[in-house]
Amino acid sequence: MIRFWKFSRNKPVRLNMVLIGPPGAGKGTQAKFIQEEFGYIQLSTGQMLRAAVSARSEVGRQTKAIMERGDLVSDDLVIRIISERIDEADCKNGFVLDGFPRTVPQAEALDILMSNKEHSIDIVIELAAGEEELVARIAGRFTCSGCDQGYHATFKPPAVEGTCDKCGGHDFKRRADDNEETLRDRFKSYYELTAPLTRYYSQKGVLHTVDAEPSIASVSGQLKEILQTALSDVAVG
Ligand code: AMP
């Protein structure tokens, strides 16, 4: 069930969030947690693009090879996808962006887009973790082909081996870009292009950095505290 922390009987507080972090930091897992716990909708550009590739849509045909190499698709395309998606009704109380923005120009475009819609980015959370830990995580991760639920062979296996906890499916897949060679390019792209976003958002006073190396539950606990504090500040303010 989707609920809004503390505000279920009153008007929910709109919060628009961004999760930043290197590949494997747990952005998708934690964005799902925020959606389930607080009701803010997870918007993952990577997931949207992978769905377009699977559906063999025009966008999917344009982006398949780029994504398989671990390169970034064009700013125009991701900005258009996000702009259209945040206008949908389920985002009216806020959302959590996972995988976007990925560069300073994308962040600037997002600010313009939000201000045109009379909104802003309220909270940015950086999930920080060392590369060795991330490589180990990526090596073990897989998802259900039916419902896209994420798992990890060691840290988060399905309760019953070979059966998805969420939809009962038996078919699992790994991301085409989760291989050693592509991973190196994805880390390089993260440190060169995405990491400077922490400075960008820190200057705006909205950045929180969380240690993403402990367990999934412990990282979720840290995120919950940040969101609860932000929500109680709104309630008091
Ligand atoms: P992710 O699931 O966030 O790791 O994204 C997977 C792939 O989708 C990336 O390696 C890029 O090729 C593409 N992608 C996702 N988000 C963006 C973005 N904001 N800008 C450019 N490319 C993106």
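In what follows, every heavy atom counts, from backbone to side chain, and hydrogens, waters and symmetry copies are set aside. Numbering starts at 1 and runs along the sequence shown. Whatever order the structure lists them in is the order used to number ligands and atoms, beginning at 1.
The pair Glu36-Lys32 fails the salt-bridge criterion, with no side-chain N (NZ, NE, NH1 or NH2) lying under 4.0 Å from an Asp/Glu carboxylate O. Contact check on Lys204 versus Asp111 returns a salt bridge, with a Lys/Arg side-chain nitrogen under 4.0 Å from an Asp/Glu carboxylate oxygen. Ionic pairing of Asp178 and Lys173 is not present here: no N-O contact between side-chain nitrogen and carboxylate oxygen is shorter than 4.0 angstrom.
Atom NZ of Lys64 is surrounded by 12 or fewer heavy atoms from other residues, nucleotides or ligands within 6.0 Å.
The salt bridge (charged side-chain N to carboxylate O under 4.0 Å, His left out) search around Glu88 returns Arg85, not counting sequence neighbours.
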Please tabulate protein-ligand N/O pairs under 3.5 Å for ligand 1, atom names and distances to 0.1 Å.
unit_1: ligand 1; atom_1: 2 (O); unit_2: Arg50; atom_2: NH1; d: 2.9
unit_1: ligand 1; atom_1: 2 (O); unit_2: Arg50; atom_2: NH2; d: 3.3
unit_1: ligand 1; atom_1: 2 (O); unit_2: Arg175; atom_2: NH1; d: 3.1
unit_1: ligand 1; atom_1: 2 (O); unit_2: Arg175; atom_2: NH2; d: 3.4
unit_1: ligand 1; atom_1: 3 (O); unit_2: Arg102; atom_2: NH1; d: 3.1
unit_1: ligand 1; atom_1: 3 (O); unit_2: Arg102; atom_2: NH2; d: 3.1
unit_1: ligand 1; atom_1: 4 (O); unit_2: Arg102; atom_2: NH2; d: 3.1
unit_1: ligand 1; atom_1: 4 (O); unit_2: Arg175; atom_2: NH2; d: 2.9
unit_1: ligand 1; atom_1: 5 (O); unit_2: Arg102; atom_2: NH2; d: 3.3
unit_1: ligand 1; atom_1: 12 (O); unit_2: Asp71; atom_2: O; d: 2.5
unit_1: ligand 1; atom_1: 16 (N); unit_2: Thr45; atom_2: OG1; d: 2.8
unit_1: ligand 1; atom_1: 16 (N); unit_2: Gly99; atom_2: O; d: 3.3
unit_1: ligand 1; atom_1: 16 (N); unit_2: Arg102; atom_2: NH1; d: 3.0
unit_1: ligand 1; atom_1: 19 (N); unit_2: Gly99; atom_2: O; d: 2.9
unit_1: ligand 1; atom_1: 19 (N); unit_2: Gln106; atom_2: OE1; d: 3.0
unit_1: ligand 1; atom_1: 20 (N); unit_2: Gln106; atom_2: NE2; d: 2.9
unit_1: ligand 1; atom_1: 22 (N); unit_2: Val73; atom_2: N; d: 3.1

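The side chain to side chain contact (heavy atoms under 4.5 Å, CB included) with Val124 is formed by just one residue from the set Leu197, Val18, Asn16, Thr209; it is Val18.
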